[in-house]
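Values below: every heavy atom of this structure, side chains too, minus hydrogens, waters and symmetry copies. Order of the sequence lines sets the chain letters (A, B, ...), proteins ahead of strands, with each chain counted from 1.
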Protein chains: 2
Amino acid sequence: MAGTELRVGELAQQTGISVRTLHHYDEIGLLSPSRRSEAGYRLYTPNDLVRLQHILALRYLGFGLDEIRHCLIHPDYTLVRVIHLHIQRMQEQIAMQQLLCRRLEALATAFEQTDSVSVTDVTAIVEVIRTMEQYFTPDMLQELEERRKQIGPERIQQVEAEWPRLIAEVRTAIAEGVTPDSPMAQQLARRWMDLVHAFTGGNPQIAQALNTMYQQEPATAQRYGLDDTLFRFIEQAMPATPADEQ
Amino acid sequence: MAGTELRVGELAQQTGISVRTLHHYDEIGLLSPSRRSEAGYRLYTPNDLVRLQHILALRYLGFGLDEIRHCLIHPDYTLVRVIHLHIQRMQEQIAMQQLLCRRLEALATAFEQTDSVSVTDVTAIVEVIRTMEQYFTPDMLQELEERRKQIGPERIQQVEAEWPRLIAEVRTAIAEGVTPDSPMAQQLARRWMDLVHAFTGGNPQIAQALNTMYQQEPATAQRYGLDDTLFRFIEQAMPATPADEQ
DNA sequence: CCTTGACTCTCACGCAACGTGAGGTTGTAG
DNA sequence: CTACAACCTCACGTTGCGTGAGAGTCAAGG
């Protein structure tokens, strides 16, 4: 009977955990040895071993020590519910992490061919991501990200280089008094639409969200040299086209 | 100039974080205000605000405060690498969490129609899961889990109820001196194979892993009343069959 | 001038689950 | 008798703040 009792080191070795962990479980009252030797050594009985195995099984499943204590005290028929709740929590955590991961990937693709990236650059892109997360649904963002991957970095850079040129041209046209119904304006509008299409991929919901964003976020819009005057000009120059914007 | 300086509360409100967080960043030297008022109030300059925005951008991406400090000090061209390393770490974390989640789901399906589950039950199943994770690759485990979902809980329970019956029958047959080449033994072997097939789904790698597991883990095998005598009997009774086992 | 209330300051504990020594005692093998 | 392994009890460190406690500061109202 006495020979079946284990000391910390023995129990630790048998179960594959550290002595410190057993000390900890004793400290917090999760697993206190049934007996102590005269010298104060912890002596664990077979019953203690069984309890430890229960603890380790639950820990293996990712439960916290408090929850484990709860499970060991309370009647068993709540256990299934606890497990399902735990699964739910885990899935929420995974969703959060995946969101984070998508942000990082968006950032990485944004910097795909820039070699020297400053913290300021990162901050700027993060601002854009933050704003976009407010106006686009997670589905849309994933769709955008996937399209970026598909069409390749060269095309993206091409489009992103084209935008400021086009904006400058439109601004010049307005300044020179070009009317929205002139062929010149029509062609600018067509180029505009092409660029928008390259972003939305023809998804009208994304186009709608994009519109809402630029209307609600003049600060973001101004960073790209956009304002209401430009939008109105393009809108007027835009004839009846496949419902892609507006 | 002096009017542009912000006090903690103002800075906190502008950036959407807590005063305590600013105190904390000051404590650890991540963001110390450029100036203090005579009364000791923290006064943040526009430059401090910019630094804070950088910090918050990086925090938004899931970086730790130490890493953020590192990013703010060190030259920018390491930033891209840091981001990619971070993505990798996140993906590893997600993989871990998904592994945990799969364990929990396996547990949940195992208890799908049991209403009262004890911690002892959970411990037993966890032991099985642990053992299986040693012998089956993650791919195999996922395949097994998916098949369990497909074929439904009734069929699973049916199979699991059939096993002990069959094992008992085989044991009886051996005890009664039934020879492996008798029709009786042949039929037992056929039923055996059917049950094995229900588990492996005809995947020879899974069948192989299963075999290895029961050979290496006599402790697990014995819990189901299996031993070498049984295995040899079935093996001998088994005629040439579609290579599904052995 | 004094008080009130909003804002600020500096400690300092708490959380989750142990890791990692520090410094001292016990048990056993040579 | 003496190593040496194994045990004991503190107690701090980790991550990023939350949450008071107790006290000083500043502008406005009585």
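Look at A:Arg102 and A:Glu105 and you find no salt bridge, because none of the NZ, NE, NH1 or NH2 atoms lies under 4.0 Å from a carboxylate O. Between A:Arg20 and A:Glu27, at least one side-chain nitrogen of the basic residue sits less than 4.0 Å from a carboxylate oxygen of the acidic one, meeting the salt-bridge criterion. Ion pairing between A:Asp26 and A:Arg36 holds under the 4.0 Å rule for side-chain N and carboxylate O. For B:Asp48 and B:Arg51, the salt-bridge test fails: no basic side-chain N is under 4.0 Å from an acidic carboxylate O.
Taking the side chain as every heavy atom from C-beta outward, B:Trp163 and B:Val196 approach each other to under 4.5 Å. Side-chain atoms of A:His24 and A:Ile17, non-hydrogen and from C-beta on, never get closer than 4.5 Å to each other.
Taking 4.0 Å as the cutoff to heavy atoms of chain B, we find the contact window on DNA chain C bounded by C:dC7 to C:dA12.
Ring geometry, B:Phe231 versus B:Tyr214: the interplanar angle falls from 30° to 60°, so the pair is classed tilted.
Position along DNA chain C of the nearest nucleotide to A:Arg7 versus B:Val8 favours B:Val8 as the more 5'-ward residue.
The separation between A:Asp26 atom CG and D:dC7 atom P is 14 Å, rounded to whole Å. Rounded to whole Å, the distance from CD on B:Gln93 to P on D:dT15 is 14 Å.
Within the 4.0 Å cut-off from OP1 or OP2 of D:dC7, not a single side-chain nitrogen or oxygen of A:Arg42 is found.
Between A:Arg148 and the choices A:Glu143, A:Glu154, A:Glu160, the salt bridge (charged side-chain N to carboxylate O under 4.0 Å, His left out) rule is met once, by A:Glu160.
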### Query
What does nucleotides 16-25 of chain D look like as a protein-contact string, B for base, S for sugar-phosphate only, - for none, at under 4.0 angstrom between heavy atoms?
BBBB----BB
